[in-house]
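Notes follow once the structure below has been shown.
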Amino acid sequence: MKNIGLILFDIDGVIRSVENSYRLSLKKTVYKFSGWEPSYIDIDNAKNEGIWNNDWDLSLELIKRYIKKKNLNIKIPQREEIVKCFEKFYFGGDPNKDSKYWSGYITNEELLVDKKFFDLIQGNGIIWGFVSGAESASAKFVLEKRLGLKSPPLISMGDAPEKPDPKGFINLSKKLIGDKLGKSNIPIAYVGDTIADINTVINARKEIPSQKFISIGIAPPHLHLNFRLKERNYYETNLRNAGADMILNSIYDLKDINLDLF
């Protein structure tokens with residue numbers, strides 16, 4: 001079948017829910033070093049600044065802000081201390097060892113999609129892959145072990161500069177559809193749940209203006225609960241204002257998408 005488009009996906013908040021894993025690890029890490037536990041809204045607001053794609057860096061930033069705001073006489077931890085603490089909460093074991101030994105919050109993660117979804121969009125002529133800021137062990141765990149995808153095309157932490165730098169997004173696009181991106185190539189979309197994800201697409205357009213890049217936003221799953229509708233509307237407005245071309249209600253809305261309409 002003729003390929004009609006390429007869709008690359010963020011993982012956290014798009015393929016899996018991280019409210020009770022990454023975000024919980026962030027909350028607990030900040031609390032350990034500052035005595036204050038940020039709310040999910042605090043984290044969303046920080047993510048909406050568009051530069052905090054790495055949860056280790058955001059943990060450190062929130063600690064610094066709280067210490068400054070409260071004028072506390074607390075030593076700001078080194079980044080290495082943050083990483084060690086965060087990984088202990090998240091993996092609960094050595095990320096380089098077999099996942100059966102992990103007992104951390106990663107075991108809480110709920111999948112937001114299934115393998116059939118990728119078979120379906122592939123059958124519709126869509127090539128797919130993943131560009132994520134998650135550690136390689138975590139990304140491969142969810143894609144290969146949980147979802148059952150075989151050798152999924154993936155850019156994860158350390159493979160490229162962090163988003164919103166578009167290098168990883170562009171490199172994987174080239175790998176999947178050929179080196180020459182530009183006017184004659186199929187549309188390329190990126191699905192993400194943060195402003196950093198939206199900005200990644202905007203930055204890719206600046207690098208290759210003749211290529212059709214499409215930014216697709218989706219609010220993270222914790223905002224899809226009925227009692228959080230107001231917060232979700234606010235979050236989606238921020239994604240639109242940042243430049244999202246389309247906002248999804250569900251990842252399954254992509255089953256019949258026509259990228260040529262953008």
Side-chain angles (χ1 to χ4, degrees), residues 1-16 111-134 136 138-161 163-194 196-218 243-262:
M1 180 173 185
K2 185 187 171 195
N3 292 319
I4 59 169
L6 165 65
I7 302 179
L8 297 178
F9 296 86
D10 183 24
I11 294 176
D12 301 335
V14 176
I15 301 300
R16 63 178 168 191
L111 293 180
L112 303 173
V113 70
D114 58 20
K115 183 180 181 293
K116 285 180 191 165
F117 167 79
F118 295 99
D119 295 335
L120 188 65
I121 62 170
Q122 192 165 320
N124 290 342
I126 300 288
I127 307 165
W128 47 265
F130 305 90
V131 179
S132 170
S136 177
S138 171
K140 286 180 177 174
F141 173 72
V142 70
L143 298 179
E144 295 177 2
K145 292 237 169 143
R146 299 281 313 279
L147 270 175
L149 302 174
K150 287 188 177 172
S151 303
L154 169 67
I155 294 284
S156 58
M157 183 190 283
D159 293 334
K163 297 175 290 185
D165 188 309
K167 201 168 265 102
F169 171 62
I170 290 171
N171 286 350
L172 188 56
S173 297
K174 285 179 175 177
K175 187 178 174 184
L176 292 174
I177 64 174
D179 274 345
K180 196 166 171 55
L181 299 189
K183 201 171 184 180
S184 61
N185 232 317
I186 56 177
I188 301 169
Y190 185 53
V191 184
D193 69 326
T194 67
D197 296 326
I198 308 301
N199 288 340
T200 299
V201 176
I202 289 168
N203 291 334
R205 284 180 190 147
K206 290 174 186 169
E207 289 209 15
I208 313 173
S210 60
Q211 171 65 47
K212 187 179 198 177
F213 289 117
I214 302 161
S215 175
I216 301 176
I218 186 168
D245 299 304
M246 176 187 185
I247 302 292
L248 301 175
N249 286 317
S250 159
I251 198 78
Y252 287 96
D253 293 347
L254 293 170
K255 284 196 297 185
D256 302 306
I257 193 167
N258 184 348
L259 297 177
D260 286 324
L261 295 180
F262 290 88

[atom1]/[X] to [atom2]/[Y] distance, rounded to the nearest 0.5 angstrom?
X: Asp193; Y: Leu112; atom1: CG; atom2: CG; result: 9.5 Å
X: Ile251; Y: Asp114; atom1: CD1; atom2: CG; result: 11.5 Å
X: Lys116; Y: Lys255; atom1: NZ; atom2: NZ; result: 11.0 Å
X: Leu8; Y: Ile155; atom1: CG; atom2: CD1; result: 9.0 Å
X: Lys167; Y: Asp159; atom1: NZ; atom2: CG; result: 13.5 Å
X: Tyr252; Y: Ile257; atom1: OH; atom2: CD1; result: 15.5 Å

Are the side chain of [X] and the backbone N or O of [Y] linked by a donor-acceptor pair below 3.5 Å?
X: Gln122; Y: Phe117; value: no
X: Asn124; Y: Ile126; value: no
X: Asn203; Y: Pro164; value: yes
X: Asn185; Y: Gly182; value: no
X: Asp12; Y: Ser132; value: no

Indicate the atoms forming the closest heavy-atom contact of [X] with [Y], along with that distance.
X: Ala139; Y: Leu154; value: CB-CD2, 3.9 Å
X: Glu207; Y: Pro166; value: OE2-CG, 3.7 Å
X: Ala244; Y: Ile247; value: CB-CD1, 3.9 Å
X: Ile186; Y: Ile177; value: CD1-CG2, 3.8 Å
X: Ile214; Y: Leu259; value: CD1-O, 3.5 Å
X: Gly243; Y: Ile198; value: C-CG2, 3.7 Å

Checklist entry - Using the ring of each side chain (for Trp, its six-membered ring), is Phe118 parallel, tilted or perpendicular to Phe9, with breaks at 30° and 60°? => result perpendicular
Checklist entry - Which class fits the ring pair Phe213 and Phe169: parallel under 30°, tilted 30 to 60°, perpendicular over 60°? => result tilted
Student check: side-chain heavy atoms of [X] and [Y] closer than 4.5 Å:
X: Ile202; Y: Ser215; result: no
X: Gln211; Y: Ile170; result: no
X: Leu111; Y: Val142; result: yes
X: Thr200; Y: Asp10; result: no
X: Leu176; Y: Ile188; result: no
X: Ile11; Y: Arg16; result: yes
X: Phe262; Y: Pro187; result: no

Next on the checklist: If you apply the rule side chain to side chain donor-acceptor pair (under 3.5 Å), what do you find for Thr194 with Asp197, and how did you get there?
Outcome noted: CA-CA 5 Å; Thr194 67; Asp197 296 326; 3.1 Å; yes
Checklist entry - If you measure only the distance, is there a donor-acceptor pair under 3.5 Å linking the side chains of Asp253 and Ser250? => result no
Item to check | Over 12 foreign heavy atoms within 6.0 Å of NZ, Lys212 | outcome: yes
Next on the checklist: Would Leu254 and Trp128 count as a side chain to side chain contact (heavy atoms under 4.5 Å, CB included) here? Give the steps.
Outcome noted: CA-CA 12 Å; Leu254 293 170; Trp128 47 265; over 6 Å; no
Checklist entry - Between Arg205 and Asp245, does a salt bridge (charged side-chain N to carboxylate O under 4.0 Å, His left out) hold up when you go through it step by step? => result CA-CA 13 Å; Arg205 284 180 190 147; Asp245 299 304; 2.7 Å; yes
